[in-house]
Visitor: 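Can you read through this structure? Questions will come right after.
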Amino acid sequence: MVGGIPIEKKGCPVHLEWEAITPAVAVLVDKPMRPTHAVNPLNVQGEIVSYDPLPIPPHSIFRVAEILNDWFVFAGEHRVHVPRKLIREQAPPQDATASLHWRTQEAER
């Protein structure tokens, strides 16, 4: 599927191919992981180990990044970084993965 989405930057349209990942279960990764997509550094909650910036003044997008201690969803060859706004800002519940999975299902309704 192809569509246009905003990347939180006015006047910066993007066209991409996407596929739904169901069920989307997030995992907290404690080793450096390289997502299979570009990353907005403002969406990273963990530690950025290395990156290749794509400057879009006044901000940047990381074309390639290695991220440590952050949430990912795995589907086949894809490693999808979960943006910080999808993870609750408060202390995580006992089972944070189940909580994120529940919120993903609720969003689909």
Visitor: Please round to the nearest 0.5 Å and tell me the distance separating atom CD1 of Ile61 and atom CG of Asn40.
Guide: 4.5 Å
Visitor: Less than 3.5 Å apart, any donor N or O on the side chain of Asp70 or His81 sitting next to an acceptor on the other?
Guide: yes
Visitor: Taking the side chain as every heavy atom from C-beta outward, state whether Phe62 and Asn43 have any atom pair closer than 4.5 Å.
Guide: no
Visitor: Under a single-linkage rule joining Ile, Leu, Val, Met, Phe, Trp and Tyr whose side-chain heavy atoms are separated by less than 4.5 Å, which residues share a cluster with Val49?
Guide: Leu68
Visitor: Quick check: do Val25 and Val73 have side-chain heavy atoms less than 4.5 Å from each other?
Guide: no
Visitor: Are Val80 and Val64 connected in the hydrophobic side-chain network, where two residues link if heavy atoms are under 4.5 Å apart?
Guide: no
Visitor: Can you sort out the partners of Asn69 under side chain to side chain donor-acceptor pair (under 3.5 Å), two or more places apart, ordered by chain and number?
Guide: none
Visitor: Would you list the pairs meeting ring-ring contact (aromatic ring centres under 6.0 Å, His included) in which at least one residue belongs to residues 19-40, sequence neighbours left out?
Guide: none
Visitor: Using every non-hydrogen atom in the two residues, find where Ser60 and Pro41 come nearest and quote the distance to one decimal.
Guide: O-CD, 3.2 Å
Visitor: Is any side-chain heavy atom of Pro35 less than 4.5 Å from a side-chain heavy atom of Ile67?
Guide: yes
Visitor: Could you list all the salt bridge (charged side-chain N to carboxylate O under 4.0 Å, His left out) pairs where at least one residue sits in residues 20-30, not counting sequence neighbours?
Guide: none
Visitor: Name all residues meeting the salt bridge (Lys or Arg N to Asp or Glu O under 4.0 Å) criterion together with Arg79; count only those two or more places apart in sequence or in a different chain, and write none if there are none.
Guide: none
Visitor: For the OG1 atom of Thr36 and the CZ atom of Phe72, what is their distance to the nearest 0.5 Å?
Guide: 9.0 Å
Visitor: Step by step, would you call Val44 with Tyr51 a side-chain contact (heavy atoms from CB on, under 4.5 Å)?
Guide: CA-CA 12 Å; Val44 175; Tyr51 60 92; over 6 Å; no
Visitor: Tell me every residue that passes side chain to side chain donor-acceptor pair (under 3.5 Å) with Glu66, counting only those two or more places apart in sequence or in another chain.
Guide: Arg34
Visitor: Sort and list the pairs that fulfil salt bridge (charged side-chain N to carboxylate O under 4.0 Å, His left out) and have at least one residue in residues 41-58, not counting sequence neighbours.
Guide: Asp52-Arg63
Visitor: Just so I know, are the side chains of Trp71 and Leu86 near enough to count as touching, which here means a heavy-atom distance under 4.5 Å?
Guide: no
